[in-house]
Amino acid sequence: MLIKEYRICMPLTVEEYRIGQLYMISKHSCEQSGGGEGVEVIKNESDIHPQHGPGQLTEKRIYLNSKLPSWAKAFVPRLFYVTEKAWNFYPYTITEYSVSFLPKFSIRIETRFENNNGDNDNVFEDTPTPAENVSFLDILSDPIPEKHYKESEDLGRWQSSKTGRGPLEKGWRDDHKPIMCSYKRIQCSFEVYGFQTRTEEFIHKNIRDILLVGHRQAVAWIDEWHGLSLEEVREYERAMQEKTNSKVKSNNTGPPAASRPAFPRSISVTDERSLKKMGVTTAATSDPSLSSVPQSPMRLNSTPE
């Protein structure tokens, strides 16, 4: 079980980011989808939580076969997707990831947004994350994968015509107004011997890249979403979901790539016996109970909104 907390500041207010986040996620998902891979939205509906009140529940399937490292492709079925369930009770959200054929794999992300520069060491109001597990991500200077770099999203060159903000300069987090922080507590577990350490490290590396790219885009695209109402951005979200789903499904019915491992469709890794067929020994832990409403996070120390 690996738990880390990431803090990402932005030159926005929490109220502004409520719109910016919805816009960014919808546009980014559409940009990253196509040819049978990407994000397919299964459910997006209003929900009421007994503690957090009214919010939005979304369920997505994330297809990403080509993005897996070579060592993982040896035991991953060709038609592979991750299920994402997110409960948005803004400014607090819960996101959970699971894989149907790997019951001992899970990721849970708690997020809280506050109007500060990341100086709240107990934002979740329970047991603070140990300092050595807390990382500040700088949307200005931290490196991102070269394939994701766009000059128009370089916040050292960015200038907003609507708000007059930008470009950001070194040390901007200390004195920029407005400023907000996205606090993300990420709990990752992959209890399969021989793969646990590498998988958890791989997951956190990708989470870091996704967080940096997504938060940079939310800021860089401000002139596209600033001033939209919640109803307007929800309409944009619906339109982009239809487009994204169409792009994902465009190639999912085609024949599998010849280069992928030829596992029979009957092989599953949902139990000990199937895993042993592939030479993998599982940890002797029971599956967590499932619930349609998110439970309180495990306090051992939560990831993509």
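Heavy atoms only: backbone and side chains are in, while hydrogens, waters and symmetry mates are out.
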If I compare all heavy atoms of [X] with all of [Y], which pair ends up nearest, and what's the gap?
X      : Y      : value
Thr163 : Ile222 : CG2-CD1, 3.8 Å
Cys181 : Arg7   : SG-CB, 3.7 Å
Val39  : Ser33  : N-OG, 3.0 Å
Leu22  : Val233 : CD1-CG1, 3.7 Å
Leu155 : Val219 : CD2-CG1, 3.9 Å
Val213 : His28  : CG1-CE1, 4.0 Å

Using a strict cut-off of less than 4.0 Å between a Lys/Arg side-chain nitrogen and an Asp/Glu carboxylate oxygen, indicate whether [X] and [Y] qualify as a salt bridge.
X      : Y      : value
Arg61  : Glu84  : no
Lys150 : Glu31  : yes
Arg238 : Glu235 : yes
Arg165 : Glu16  : yes

- prompt: Taking the six-membered ring for Trp, are Tyr90 and Tyr17 parallel (under 30°), tilted (30 to 60°) or perpendicular (over 60°)?
  reply: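 Answer is tilted, since the angle falls between 30° and 60°.
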- prompt: In terms of the angle between their ring planes, are Tyr92 and Phe124 parallel, tilted or perpendicular, with boundaries placed at 30° and 60°?
  reply: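 Rings of Tyr92 and Phe124: perpendicular, over 60°.
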message: Tell me which one of Val123, Thr129, Ile8 satisfies side chain to side chain contact (heavy atoms under 4.5 Å, CB included) with Tyr183.
response: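 Of Val123, Thr129, Ile8, side chain to side chain contact (heavy atoms under 4.5 Å, CB included) with Tyr183 is met by Val123 alone.
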- prompt: Distance from Phe113 atom CZ to Ser182 atom OG, nearest 0.5 Å?
  reply: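 Result: 4.5 Å between the selected atoms.
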I'd like to know whether [atom1] of [X] has more than 12 heavy-atom contacts from other residues, nucleotides or ligands below 6.0 angstrom.
X      : atom1 : value
Lys243 : NZ    : no
Glu15  : CD    : no
Glu232 : CD    : yes
Glu151 : CD    : no
Glu45  : CD    : yes

- request: Check Asn44, Asn88, Asp47 against Gln56 for a side chain to side chain donor-acceptor pair (under 3.5 Å) and give me the one that passes.
  value: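 Going through the options one by one, the only one that passes is Asn44.
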message: Determine whether Asp154 and Tyr149 satisfy the following criterion, side-chain hydrogen bond (donor to acceptor under 3.5 Å, both in side chains), listing intermediate values before the conclusion.
response: CA-CA 8 Å; Asp154 187 331; Tyr149 177 83; 2.8 Å; yes
query: Between Glu5 and Asn133, is any side-chain donor less than 3.5 angstrom from a side-chain acceptor?
result: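 Checked: Glu5/Asn133 side chains show no N/O donor-acceptor pair below 3.5 Å.
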Using a 3.5 Å cut-off and no angle test, enumerate the donor-acceptor pairs between side-chain atoms of residues 166-179 and protein atoms at least two apart in sequence or in another chain.
residue : atom : partner : partner atom : Å
Trp172  : NE1  : Asp138  : OD1          : 3.2
Arg173  : NH1  : Asn117  : O            : 2.9
His176  : ND1  : Pro178  : O            : 2.9

Under 3.5 Å, is there a donor-acceptor pair between the side chain of [X] and the main chain of [Y]?
X      : Y      : answer
Lys247 : Cys30  : yes
His215 : Leu211 : yes
Thr244 : Met240 : yes

query: Would Tyr23 and His226 count as a side-chain hydrogen bond (donor to acceptor under 3.5 Å, both in side chains) if you check the C-alpha gap in whole Å, the side-chain angles of each, and the deciding distance to 0.1 Å?
result: CA-CA 10 Å; Tyr23 184 93; His226 197 272; over 6 Å; no
